[in-house]
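One structure is given below, encoded as structure tokens.
Naming: A, B, ... by sequence-line order, numbering from 1 per chain.
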Amino acid sequence: MSNAELIGQDPGWVIALKGLFIFAACVFLTIMSVWAERRIVARMQQRSGPNRVGKFGLLQALVDGVKLALKEDLIPKAADRVIFVLAPIISTTACFMAFAVIPLTGEVNFFGHQTVMQLTDISVGVLYVLAIASVGVYGIVLAGWSSGSTYPLLGGLRSSAQVISYEVAMGLSLVAVFIYAGSMSTSEIVAAQDKWWYAVILFPSFIIYTISMVGETNRAPFDLAEAEGELVGGFHTEYSSLKFALFFLSEYVNIIAVSALATTLFLGGYHALPGLGFTEQWLGGWFTLAWFFVKVLGFFFVFVWLRGTLPRLRYDQFMKFGWKVLIPFSLAWIMVVSTLRVMSQQQAPRVIIIAFIFSIALIYIAITSLVDRQKVNHAKAAKVTNSEEPNFPVPAIPNSRSEQLNG
Amino acid sequence: MINLALDIGKTAGPEAVLFYFLAPLSVFAGLGMLIVKKAVHSALLLAWIMVSLAIFYIAQDALFLGIVQVVVYTGAVMMLFLFILMLVGVDTSDSFTETIRGLRAIAITAAIGFGGLLVTLIGRATFNRPITGLASVNSNGNANGLAKELFTQYVFAFEVVSALLITAALGAMVLAHSQKTRSPFAQRDLSIARFRKDNLKDAAGLPSSGVYALHNAVDVPALLPTGKAAPTSISAVLEARGDMIESSKFQLQQEEEEK
Amino acid sequence: MAIANYLYLSAILFTIGAVGVVIRRNAIVVFMCIELMLNAANLAFVTFARINGNLQGQVVAFFTMVVAACEVVVGLAIIVTIYRSRRSISVDDASLLKR
Amino acid sequence: MQTSANLVWLIALPLFSSAILLLAGKRANSWGHVMATIVSASAFTIGFVEFIAMQSRADENRAVAQKLFTWISVGSFNVDASLLLDQLSICFVLLITGVGTLIHIYSIAYMSHDLDRRRFFAYLNLFIAAMLLLVLGDSYLNLYVGWEGVGLASYLLIGFWNQKPAYATAAKKAFVANRVGDVGLSLAIMIAFATFGDVSFAGIKEHVEHASSTQLTAIGLMLLLAACGKSAQFPLQSWLGDAMAGPTPVSALIHAATMVTAGVYLITRSNFIFDEAPIAQLMVLIVGGITLLFGAIIGTAKDDIKKALAASTMSQIGYMILATGLGPIGYAFAIMHLLTHGFFKASMFLGAGSVMHGMKDEVNMRKYGGIGKFMPITALTFGLGYLAIIGVPPFAGFYSKDKIIETAFNAGGMKGLALGIATLLGAMITAFYMTRVVILTFFGNERWGHKDEPHESPALMLIPIGLLSIGSIASGFILSKGEGLVHWLEPVVNPLKEHHDEFLPPIVVSLMTLTVVAIGILIAVSKYRGDQLAQAPENVSVLTKAARRDLFQDDLNESVFMHPGQTLVRNILNIDYLVLDGLVRAVGSVSLTAGSRLRSLQNGYVRSYALLMIIGALALIAAIWVVTA
């Protein structure tokens with residue numbers, strides 16, 4: 001019995017309980033992930049991080065949340081009040097809604113009812129996630145605009161431009177998955193990965209998705225929307241108290257959501273790691289939830305890891321990277337994938353498939369070598385201007401000195 | 001002949017509830033679009049209407065279109081609108097005094113007549129085929145069915161539309177492109193410019209704002225070693241707006257005594 | 001509930017959009033009203049598809065969306081260009097041939 | 001009818017020569033006049049050879065023809081470009097080429113100082129070609145081409161010195177007056193074609209009895225109008241005096257000897273029409289009678305020697321026209337007078353030219369006087385011409401004019417009496433003014449106000465004058481000997497078989513004529529005997545004043561034709577302006593007003609256009625609503 005049919009049989013109370021469960025899980029994960037992030041980053045920076053409240057400082061995020069909620073709720077005079085209030089609500093709502101189509105477990109016994117931990121299963125589930133993500137952008141844009149201040153506006157515009165740009169790359173990276181899975185339904189995509197994860201088969205897609213999901217969530221190194229040095233706090237500069245908390249929440253829920261989607265689409269979803277399938281049989285359906293969260297938290301760790309190690313990109317570099325690298329590469333990759341897919345569906349001889357892959361690789365090498373040569377040429381051209389003697393005193397540049405010595 | 005308004009298959013309860021809840025809201029939102037002063041509010045109301053329509057699509061067995069509606073319209077098109085709105089004259093509220101005499105009255109009259117006639121026309125429209133619904137064509141999934149139509153019967157139109165889309169994208173790029181008259185003023189240029197000035201006093205950068213230890217804000221000028229305020233430490237914008245706090249009260253007491 | 005209700009809604013929204021095109025002066029709002037009209041037409045198409053029991057109405061609605069997207073892209077580019085030269089996005093200020 | 005391949009050369013030679021002279025430009029300056037003269041002489045030779053050949057043939061097949069090509073072929077209407085040389089034509093051919101050649105020779109000397117002599121000769125050759133085409137054409141349409149050609153040549157030659165505005169105006173005047181006559185000719189051709197379906201002389205002559213008298217009268221009147229225009233007959237006579245603006249050889253050739261006689265030729269050629277149209281014939285008589293007196297009276301008052309001669313020409317052509325109006329017997333006398341007149345008038349004009357040549361182009365006779373002493377040969381030849389024109393026997397004028405007077409009397413009844421008296425009166429006045437010219441020019445005291453004495457002209461000028469003088473002495477006698485010309489022309493003009501009763505015996509008429517001539521001479525001698533001739537007297541009779549003003553011919557034209565015409569045109573113009581243009585303007589202004597009203601719709605506001613679209617959509621929906629209701 002497929003997931004869709006199982007969900008179709010759900011009575012109303014099961015749906016309500018599932019929704020509650022997902023919401024609670026998201027909030028809990030947010031709170032714990034804030035703590036986890038601070039601890040991990042602290043470790044990476046050779047600090048201790050929060051360790052006072054509760055064991056290992058586990059309650060730190062909780063008390064922070066309480067403190068945030070008790071702060072004064074300011075609305076600037078220049079703000080557009082309605083939208084100012086509306087923006088964080090849109091943002092938060094949208095990020096929770098994405099979870100509706102994520103299958104968290106396999107078939108489980110839910111208070112005596114056989115079902116799966118998935119709120120709904122629609123045939124265009126992944127598109128739905130994208131749609132919700134695009135609605136989520138409204139929260140950021142409107143927050144930036146309604147604050148009636150320059151920094152938030154710039155931050156909001158930046159983040160919306162960023163999200164829209166990277167949504168394109170993200171959508172393109174998903175196309176390959178759709179082609180291989182033959183469906184846009186999340187549960188069917190998970191089911192299609194029972195042998196091989198798409199992270200393996202469609203490795204380039206996986207990479208593109210991973211990059212663009214970081215961009216999509218405005219996280220470091222792509223956190224230009226809240227670049228403190230440039231824009232103070234970005235779109236939420238004027239927000240305080242609970243409304244700020246909502247943005248905070250939505251950011252982390254978003255991280256969890258895109259991680260969950262990545263898990264679903266590329267890492268086999270709730271299924272166990274390869275070779276550990278026996279856990280599912282032994283420990284029952286609910287144990288798949290553990291596998292799911294392990295994978296999601298793995299992604300979360302990557303997010304934190306990135307934040308801890310990489311500096312922020314400059315805005316124009318970032319947009320260039322999105323439009324001039326990710327998207328063209330995705331398009332080319334989709335062409336390759338669809339060709340291969342059609343070949344295998346038509347039972348083409350293996351020789352031809354191998355020849356095709358080989359020729360693609362050759363073309364790739366040719367293009368990259370050309371690009372490299374161009375870069376070298378540019379560098380050579382640039383050297384000439386560098387060697388010009390500036391008309392003010394400058395300290396000796398080691399490289400140029402050595403170049404001069406070496407000829 | 002079947003009267004459309006009377007004999008079309010009545011739909012189930014939940015859809016009726018959905019409709020009677022969302023339809024008036026979307027009509028009000030539409031009317032709101034016309035009367036709100038700020039264009040951003042109009043845009044939001046339109047986005048709301050589009051989401052409502054998406055829900056209607058889904059309710060009418062057009063799942064794919066519903067989702068695409070949200071992705072394309074609410075996500076991309078309306079976001080583009082907001083974007084442009086914020087780029088150009090975001091603060092301008094529209095004036096509602098009509099400049100073309102009689103236009104508004106005629107427009108509203110004509111529109112009411114138009115809408116009224118259209119509604120009455122639909123009301124008495126007849127339909128000479130039994131209603132089949134979409135259950136059979138959607139049996140394989142709405143997206144699949146639509147894909148089949150698009151890539152068989154309408155494949156040529158599809159290709160043409162894709163060409164149109166590319167053309168539009170290129171056209172927009174050409175239209176919005178402005179030839180830069182000088183190369184962007186980057187950090188490097190700024191640095192060189194600082195050093196090329198007559199005196200090298202500021203070559204290391206301007207002093208930071210704020211009176212250290214007593215106050216820390218961008219609107220307070222820094223104190224020079226002599227204890228006097230340094231006006232260059234304040235952003236020119238703040239200075240122009242008059243948002244500058246007098247720094248004299250933060251100056252060292254003994255300086256004042258010396259005077 | 002009769003399916004024709006969707007058509008009524010479509011007609012009303014279309015009319016509202018038409019009024020908006022005429023009475024609003026902000027070019028972007030005018031543009032949005034055009035989008036509203038297109039959307040109203042799309043609703044009618046989807047409803048027709050349901051009435052007729054085939055997907056052709058939805059196909060047309062799909063094409064409408066694509067064409068609307070093109071229109072918006074080009075239109076907004078034009079508005080930006082006009083704004084650049086006239087520092088205004090009022091459609092009345094763009095009555096160039098008038099004076 | 002026999003054919004002759006030579007006829008075309010008569011026309012082609014001068015035509016080619018003219019073209020060469022006009023196209024060759026300055027290169028032809030040195031030899032152009034010689035070539036033109038040789039060409040003219042060659043044409044005369046051809047004509048003379050044809051004449052000899054014609055004489056050697058029997059009466060009925062003397063005429064020769066040559067078809068050049070088929071000119072117009074439209075359904076049943078066929079016009080060939082054909083030439084016809086018959087007994088009538090040969091007279092003209094010889095006159096034109098003969099006098100023409102002499103005048104060419106004369107012009108070589110007369111125009112020797114003119115820078116544009118080559119052009120002058122080109123025009124002369126053009127004239128010769130056109131005039132020959134006129135007299136050689138075998139149909140009215142061919143004649144018409146020549147008719148227009150001589151009009152053109154006349155225009156060009158009158159206005160030869162067009163650097164003087166007055167001369168250019170004179171040329172224009174001649175051209176316009178000729179146009180009136182040309183309209184008459186073209187109308188005549190059209191009526192003839194409508195009536196007979198043919199425009200050739202032979203064809204019309206054949207069918208003339210089938211036509212009604214009204215049609216014939218109409219054709220006749222139109223031909224008369226044409227003749228009036230070309231031959232300077234009343235009421236289209238006014239251009240001839242002004243045409244003296246042209247060089248004197250032109251006056252001699254075109255405006256005395258040949259072109260102005262084309263009207264006589266036309267009427268004579270159309271004898272078969274006039275014989276059947278008594279009213280038209282009567283009109284011819286009236287026109288001729290009026291003109292002969294008219295010209296004579298003008299001639300008495302002119303001090304300009306050329307204009308006096310021109311008035312005389314007008315008067316003499318009046319005689320010829322009158323003669324043609326007298327019916328079959330008159331045609332021959334008209335042609336005879338035409339030929340003799342051609343000689344003596346050309347001789348006198350050339351003589352006048354010679355005088356002018358000697359007098360530094362002075363034309364006022366009152367500045368002459370006593371020139372006979374200085375220019376004896378010119379005076380002699382002029383005197384011979386004088387005797388010829390006043391009709392002293394045995395000079396040429398006596399034979400031809402006397403016959404006309406006699407025939408006029410013989411016309412019978414009151415008509416004959418009136419015509420006879422008119423011709424007699426004309427003869428007297430002619431004697432008067434010609435005597436006046438001779439006395440003023442060659443006798444009396446010397447009145448030119450400068451030291452330079454007049455000198456005799458070069459031989460190149462005197463030889464042609466002398467030859468013409470011989471003609472003016474002998475031609476009358478030769479032509480009338482044994483009624484030679486009358487018989488010669490019989491096949492063409494069909495003289496009436498029955499014989500008229502003679503009103504008076506010929507000898508009586510001759511005596512009467514000589515008597516009135518003598519009276520005229522005596523009056524003139526008595527009047528111009530004195531010394532006070534340098535200034536024209538002021539206190540003169542009304543008639544003299546009128547004559548000095550050309551008998552008000554220009555005033556008449558202005559008041560009868562020009563002013564009503566101008567008024568008519570002005571009114572038509574007003575109608576055009578108010579009614580037709582008004583309609584057009586009304587359409588325009590309605591469009592403009594509608595446009596300016598509708599323009600408010602085009603206000604540049606996109607929104608109002610959108611509103612119009614909505615209204616259009618509303619109308620559409622309403623239409624659907626109504627249709628499906």
Side-chain angles (χ1 to χ4, degrees), chain B residues 4-5 8 10-11 15-16 19 23 26-27 30-31 33-34 39 42-43 46 49-50 53 56-57 60-62 65 68 72 76-77 80-81 84-85 88-89 94 99 103-104 107-108 111 114-115 118-119 122 131-134 137 145-146 149-150 154 157 161 164-165 168-169 171-172 175-176, chain C residues 1-9 11-20 22-26 28-29 31-33 35-36 39 42-43 46-47 49-56 58-59 61-63 65-74 76-81 83-84 88-89 92:
Chain B
L4 179 68
I8 282 180
K10 304 280 191 224
T11 49
E15 194 187 338
F19 183 83
S26 46
V27 170
L31 292 174
M33 265 182 79
L34 304 186
S42 279
L46 181 60
I49 295 172
M50 284 172 171
L53 291 185
F56 286 144
Y57 293 171
Q60 297 210 66
D61 295 339
L65 271 188
V68 168
V72 171
V77 170
L80 210 53
F81 272 118
I84 301 300
L85 267 177
V88 299
D94 281 7
T99 45
L103 182 97
R104 186 175 292 167
I108 290 170
F114 178 78
L118 209 55
V119 165
I122 295 167
I131 305 306
T132 47
L134 288 174
V137 289
L146 206 55
E149 288 279 331
L150 278 179
Y154 294 98
V161 164
L164 175 68
L165 198 56
L175 272 174
Chain C
M1 188 199 73
I3 293 176
N5 283 2
Y6 286 113
L7 298 179
Y8 293 133
L9 177 64
I12 291 168
L13 288 180
F14 186 89
T15 311
I16 291 171
V19 174
V22 178
I23 68 171
R24 293 300 298 255
R25 257 173 298 171
N26 187 325
I28 295 176
V29 177
F31 230 115
M32 289 195 294
C33 288
E35 291 302 316
L36 177 59
N39 267 285
N42 268 358
L43 178 61
V46 170
T47 311
R50 190 180 178 194
I51 292 170
N52 280 340
N54 62 35
L55 288 173
Q56 303 197 344
Q58 293 190 16
V59 170
F62 176 81
F63 284 136
M65 281 184 194
V66 181
V67 174
C70 300
E71 180 211 335
V72 165
V73 166
V74 176
L76 286 178
I78 291 171
I79 289 175
V80 168
T81 315
Y83 177 76
R84 228 180 251 153
S88 158
I89 51 168
D92 286 2

If you look at every heavy atom in Ser42(B) and Met33(B), which pair is closest and at what distance? OG-O, 2.9 Å
Please flag which part of Leu80(B) lies under 4.5 Å from any non-hydrogen atom of chain C: side chain, backbone, both or neither. both
With a 4.5 angstrom heavy-atom cut-off, which part of Leu53(B) approaches chain C: side chain, backbone, both or neither? side chain
Under the 3.5 angstrom rule, does the side chain of Arg24(C) hit a backbone N or O of Ala39(B) as a donor-acceptor pair? no
Side chain, backbone, both or neither: which part of Leu165(B) has an atom under 4.5 Å from a heavy atom of chain C? both
Leu9(C) versus chain B, the contacting section by heavy-atom distance below 4.5 Å: side chain
Top contributor to chain B contacts, counting heavy-atom pairs under 4.5 Å, from Ile79(C), Val80(C), Val59(C): Val59(C)
Nearest heavy-atom approach of Cys70(C) to Leu164(B) is SG-CG, 3.8 Å
Among Val73(C), Ile12(C), Val67(C), the residue with the most heavy-atom pairs under 4.5 Å to chain B is Val73(C)
Looking only at heavy atoms and a cut-off of under 4.5 Å, which of Leu36(C), Val46(C), Asn39(C) has the most pairs with chain B? Asn39(C)
Under 4.5 Å, counting heavy-atom pairs only, tell me which of Val68(B), Val77(B), Asp61(B), Leu150(B) racks up the most with chain C. Leu150(B)
Taking ring pair (Phe, Tyr, Trp, His ring centres under 6.0 Å) as the definition, give me every residue that meets it alongside Phe114(B), ordered by chain and number, with sequence neighbours left out. Phe14(C)
Atom group of Leu43(C) that falls short of 4.5 Å from chain B, counting heavy atoms: both
Within the side chain of Asn52(C), is there an N or O that forms a donor-acceptor pair under 3.5 Å with the backbone of Asn54(C)? no
Distance, nearest 0.5 Å, that separates OH of Tyr154(B) from CZ of Phe63(C): 8.0 Å
Can you sort out the partners of Gln60(B) under side chain to side chain donor-acceptor pair (under 3.5 Å), two or more places apart, ordered by chain and number? Thr47(C), Arg50(C)
The interface call for Ile28(C) against chain B, heavy-atom contacts under 4.5 Å, is both
Nearest 0.5 Å, please: how far is CG in Leu65(B) from CG in Leu55(C)? 9.0 Å
Most heavy-atom pairs under 4.5 angstrom with chain B, which of Val66(C), Val74(C), Thr15(C)? Thr15(C)
Ranking Val19(C), Ile78(C), Leu76(C) by heavy-atom pairs under 4.5 Å to chain B gives rank one to Leu76(C)
